[in-house]
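Whatever order the structure lists ligands and atoms in, that order sets their numbers, starting from 1. Keep in mind that this is a model prediction, so the values were computed, not measured.
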Amino acid sequence: MESRYFLSPLAGYTHLAFRQVVRELGGLGLATTDLVLANQLSHKSRKSMELIATNAADRPLSVQIYGGVNEELVRAARWLEDQGYEGIDLNMGCPMAKITGNGGGARLMCDVDNASRAVSAVIEAVAIPVTVKMRLGWDREHITAPMLARAFEQLGVAAITIHGRTRQQGFHGNVQLEGIRETVAAVQRIPVIGNGDVRTVADAIAMRRITGCAAVAIGRGALMDPWIFHRLQRVNMGDSSVWEPPAEAQIEFLERHFRLMLQQHGEAMSCLMFRKFAAWNGARLGIPEDLEDRLRRFESEAEFGEIVEQIRQRHGERKNPRPTAEVRVPNGPVERW
Ligand SMILES: Cc1cc2nc3c(=O)[nH]c(=O)nc-3n(C[C@H](O)[C@H](O)[C@H](O)COP(=O)(O)O)c2cc1C
């Protein structure tokens, strides 16, 4: 793996266009698709095909699947392998009711036998690496990650990603690095990938130092600062000077991301999908608040072009340096993000 810094899956965001545009900035190792319901994959539903769309530049890539029925997980995993995908990530971390209600996501962490059966069935069905993404456990009284990680290692998983929160925490409270460290200590050989609240180069380095994890997965931090992997790459190469992307590179990023989206999703859908990003990356891209607001509502490619022209002229005229999403997110239920 070229880099130890990975892109954590963010449903609704980490589709091909975003993965590709971030890869082009440099420094990103493994990326993972948004979570895909195994059953929908087997039926090749349009949504699932969009989620797993990829190209030669989008490597290394793992496809994240979930579901409460082992046969469906197996069928989806085999199909992905046949199609040439190189890795499968099983989601055991999602806290959302619609996912756990299916017996998938974090619900699997409550039942070691059941979870082991699911993992084992998929590993036996395919030759490509199978990884697991999970939380520390269901709640504070049930911290199951270290025990599960050990069990999954015996079954042959290639790596484990731990989001250092419990299901009960949702996205609240602090990430518990100690819990990740215990999981690192619980396994013998396989890499553990630490995840949660990494927003800066210093956070990523602290995650590795404190937990001993082999790699770090970054989700929202990459939405807020798409250059985070590039920054880490610079530091790894011995350059610890303060660096910011030039204004024109920031605007190019915005345009390139939208253009890549248009290629895959067409105009109407791209406008809808792109709007969500502005609240996350508007601050980092130096977009004045009123123009960020317009980016959250624009309805056509032409309007996008017009807004970008204004951003070019007024780049940096932003008053609040905090991302709008960060200000709003912690108070709202994750379903509404
Ligand atoms: C909007 C959103 C969507 C997410 N979608 C997924 C997903 O599809 N699969 C998954 O394993 N985790 C998902 N997560 C969890 C993230 O991958 C990650 O574990 C979590 O956000 C903590 O890391 P971060 O602080 O770097 O974002 C999602 C999180 C958010 C905020």
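- For a threshold of 3.5 Å applied to N or O pairs, the pair formed by Asp34 and ligand 1 contains no separation below that value.
- With a 4.0 Å cut-off on non-hydrogen atoms, His163 touches ligand 1 through its side chain and not its backbone.
- Considering backbone and side-chain N/O atoms, Ala11 comes within less than 3.5 Å of an N/O atom of ligand 1.
- Each of the following atoms of ligand 1 lies closer than 4.0 Å to a heavy atom of Asp197: 24 (P), 25 (O), 26 (O).
- Between His257 and Phe277, the two ring planes are perpendicular [angle over 60°; tilted spans 30° to 60°].
- Of the polar atoms of Gly221, none of the N or O atoms is found under 3.5 Å from an N or O of ligand 1, judged by distance alone.
- With rounding to the nearest 0.5 Å, the separation of CZ in Arg234 from CE in Met237 is 8.0 Å.
- The backbone N or O of Asn55 sits less than 3.5 Å from a side-chain atom of Arg59, completing a donor-acceptor pair.
- Between Pro9 and ligand 1, at least one N/O pair is under 3.5 Å apart.
- Taking only nitrogen or oxygen atoms, main chain and side chain alike, Arg165 does not reach within less than 3.5 Å of ligand 1.
- Checking only distances, Tyr13 never comes within under 3.5 Å of ligand 1, N or O to N or O.
- Distances shorter than 4.0 angstrom do not occur between any heavy atom of Tyr66 and any atom of ligand 1.
- Atoms of ligand 1 lying under 4.0 Å from any heavy atom of Asn91, numbered from 1 in the order shown and given with element: 9 (N), 10 (C), 11 (O).
- No donor-acceptor pair under 3.5 Å is formed between the side chain of Gln20 and the backbone N or O of Leu16.
- Judged by the shortest distance from any of its heavy atoms, Gly196 lies inside the 4.0 Å radius around the atoms of ligand 1.
- Using a 4.5 Å heavy-atom threshold, the side chains of Ile123 and Val119 count as touching.
- Relative orientation of the Trp227 and Trp243 rings is tilted, given thresholds of 30° and 60° on the angle between their planes.
- Glu50 and His15 share no side-chain donor-acceptor pair at under 3.5 Å.
- For ligand 1, the atoms sitting less than 4.0 Å from at least one non-hydrogen atom of Gln64 are 7 (C), 8 (O), 9 (N), 10 (C), 11 (O), numbered in the order shown with element in parentheses.
- Ring centroids of Tyr85 and Trp79 are separated by 6.0 Å or more, keeping the two rings apart.
- Using a 4.0 angstrom heavy-atom cutoff, Arg199 counts as in contact with ligand 1.
- In this pair, Phe298 and Phe258 present their aromatic rings perpendicular. The plane angle is above 60°, beyond the 30 to 60° band.
- Ligand 1 has a nitrogen or oxygen under 3.5 angstrom from a nitrogen or oxygen of Leu35.
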